[in-house]
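Below is one structure; the comments refer to it alone.
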Amino acid sequence: MTAAGERRGLARVIGASMIGTTIEWYDFFLYGTAAALVFNHLFFPDSDPLTGTLLAFATYALGFAARPLGGLVFGHFGDRIGRKRLLMLSLMMMGGATVLIGCLPTYDQIGPAAPLLLVLLRLVQGFAVGGEWGGAVLIVAEHGDDARRGFWTSWPQAGVAAGNILSAGILAIMATVQSDADFLAWGWRIPFLLSVVLIGVGWWVRSTVAESPLFLEARAEAAASAPVLEAIRTQPKALLTGAGLRVVENIAYYVVTTFAITYVTQVAGLPRQLALDAVLIASAVQFVAIPAFAALSDRIGRRPVYAIGAAGTGLWAFAFFRLLDTGSPAWVVAAIVGGLIFHAAMYGPQAAFLAEMFPTRIRYSAVSLSYQLTSIVAGSLAPMIAIAILKATG
């Protein structure tokens, strides 16, 4: 293949990976935003506002609990039969669950069965997204060149920010054009139902992508019969390092993008529209920052860039809630933008960082295991712990 043909092929792979990731994380984040805004009213109406929100976030956290299982199952088959097929399956599972959430009857209509069905569909979402990330970044990493791996693999990472932009943006539009009563009655369902259109787009785009050439080479030599077990047996230090890299990054992201919405609306007493707009603006900034920091990691190394993000997040935490408490729209936006910029410094180089730790034959299983294990104790619990502290202390 000519150099121009290789570049076109790589661009197609990057575009398909990012679009698919955007769609899947749109679905996943849509649930988190809805949990912060409406699910407490619709599925847990007998509780006080903060308790209802805590229960809504408990169902939100279950999606994270299912992610490691999804990572293990998708990783096993991704290392055995290929990255592409598993990416197509994860897209259909995630999109289908999201559309069904948009069709769910509420607690007032069917009683306790409503939150139970919500939990079931959230588990399907978590299982699907658990298998998505590893395949999306690896199919790019295994097509691209070594010198710019950080930059190439950052685009599926940027798809996460794009998914948040889509989910917050559509909910912000619905909140703008509807009254609170209409939004609670039926308007919240529209963003979930729109996922059926996004599934079609994602399927079409991903169907045009070729399988990873490195995977095909590794399979031709000798496929791992039990890649998850082999990763645990042969790469324990790398697995723990990869999981450790995720702790601060994962906690910071869900506090900044999910709990902050609850804090702004229920504690600071500011409009729901402001909270959604702030997340929307910050996600747009992060979409640019992720590949920028990843490109920097190609030049000066993954570790220094990651360290900048981790240290910056720790320092920014002292300013974050003070800025939210001002009640000023500009400072609320600044708080969330600052949090996501420091997060981008960790998230941008993360995909290449993890991919470079493991051999091809077990890479899907290993990166999925490292990436998803942390989600149970970090991202899933962070909003719940924050709300519990807020409820206990005021």
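Side chains are part of it too, since the values below use all heavy atoms of this structure and drop only hydrogens, waters and symmetry mates.
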(message) Any donor-acceptor pair under 3.5 Å linking the side-chain atoms of Asp79 with those of Ser365?
(response)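 The criterion, which ignores hydrogens and geometry beyond distance, is satisfied for Asp79 and Ser365.
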(request) Can you label the angle between the Trp188 ring and the Phe43 ring as parallel, tilted or perpendicular, going by 30° and 60°? (result)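 Taking Phe43 first and then Trp188, their aromatic rings stand perpendicular (interplane angle over 60°).
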Check the hydrophobic clustering (I, L, V, M, F, W, Y; side-chain heavy atoms under 4.5 Å; chains of links allowed) and say if [X] and [Y] are grouped together.
X      : Y      : result
Ile290 : Val337 : no
Met346 : Val285 : no
Phe74  : Met92  : yes
Phe127 : Leu116 : no
Val119 : Tyr107 : no

Would you say the side-chain atoms of [X] pair up with the backbone N or O of [Y], donor to acceptor, closer than 3.5 Å?
X      : Y      : answer
Thr374 : Ala243 : yes
Tyr253 : Gly339 : no
Arg272 : Ile261 : no
Arg189 : Gly102 : yes

(message) With side-chain contact (heavy atoms from CB on, under 4.5 Å) as the criterion, how do Trp152 and Ile14 come out once you've worked through the C-alpha distance, each side chain's angles and the decisive distance to 0.1 Å?
(response) CA-CA 7 Å; Trp152 298 138; Ile14 292 171; 3.4 Å; yes
If you define the side chain from C-beta out and look only at heavy atoms, does anything of [X] sit under 4.5 Å from [Y]?
X      : Y      : result
Ile341 : Gln286 : no
Phe287 : Asn164 : no
Asp277 : Val333 : no
Ile362 : Thr234 : yes
Ile385 : Phe259 : no
Leu86  : Ile81  : yes
Leu89  : Met93  : yes

(message) Surrounding CZ of Phe77 (heavy atoms of other residues, nucleotides or ligands, distance under 6.0 Å), is the total greater than 12?
(response)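 At most 12 heavy atoms, drawn from other residues, nucleotides or ligands, come within 6.0 Å of this atom.
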What's the shortest heavy-atom distance between [X] and [Y], and which atoms?
X      : Y      : answer
Pro291 : Phe151 : O-CD1, 3.7 Å
Glu132 : Ser90  : OE1-OG, 3.2 Å
Ser297 : Gly150 : OG-CA, 4.4 Å
Gln157 : Gly348 : CG-O, 4.4 Å
Leu270 : Leu324 : CD1-O, 4.4 Å
Gln372 : Pro68  : O-CG, 3.4 Å

Taking only distance into account, with no hydrogens and no angle test, what donor-acceptor pairs under 3.5 Å do side-chain atoms of residues 350-358 form with protein atoms, sequence neighbours excluded?
| residue | atom | partner | partner atom | Å |
| --- | --- | --- | --- | --- |
| Gln350 | NE2 | Glu249 | OE1 | 2.9 |
| Gln350 | NE2 | Tyr306 | OH | 2.9 |
| Glu356 | OE1 | Arg302 | NE | 3.4 |
| Glu356 | OE2 | Arg149 | NH1 | 3.2 |
| Glu356 | OE2 | Arg302 | NH2 | 2.8 |

(message) Taking side-chain hydrogen bond (donor to acceptor under 3.5 Å, both in side chains) as the cut-off, I'd like each qualifying pair that reaches into residues 312-334, sequence neighbours left out, listed once.
(response)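 Sorted result for residues 312-334: Tyr263-Asp325.
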(message) Run the side-chain contact (heavy atoms from CB on, under 4.5 Å) test on Val332 and Leu323 for me, step by step, so that the C-alpha distance in whole Å, both residues' side-chain angles and the decisive distance to 0.1 Å come before the verdict.
(response) CA-CA 6 Å; Val332 169; Leu323 293 175; over 6 Å; no
(message) For the residue pair Arg80 and Tyr364, would you count it as a cation-pi contact if the rule is NZ or CZ under 6.0 angstrom from the ring centre and within 45 degrees of the ring axis?
(response)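 No, Arg80 does not lie over the aromatic ring of Tyr364.
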(request) Identify whether NZ of Lys or CZ of Arg in Arg246 sits under 6.0 Å from the centre of the six-membered ring of Tyr371 and within 45° of that ring's axis. (result)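 Output yes; distance and angle both within limits.
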(request) Output the distance between atom OG (Ser370) and atom CG (Leu245), rounded to the nearest 0.5 Å. (result)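 The distance works out to 8.5 Å.
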(message) Suppose we screen for salt bridge (Lys or Arg N to Asp or Glu O under 4.0 Å). Which residues come up paired with Arg363, at least two apart in sequence or across chains?
(response)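 Here the qualifying residues are Glu142.
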(request) Determine whether the aromatic ring centres of Tyr347 and Phe293 lie less than 6.0 Å apart. (result)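 Tyr347 vs Phe293: aromatic centres not under 6.0 Å.
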(request) Could you walk me through whether Leu194 and Ile190 pass side-chain contact (heavy atoms from CB on, under 4.5 Å), step by step? (result) CA-CA 6 Å; Leu194 283 176; Ile190 293 176; 4.2 Å; yes
(message) For Val228 and Ile232: C-alpha separation, side-chain torsions, deciding distance, then whether side-chain contact (heavy atoms from CB on, under 4.5 Å) applies.
(response) CA-CA 6 Å; Val228 174; Ile232 295 171; 4.1 Å; yes
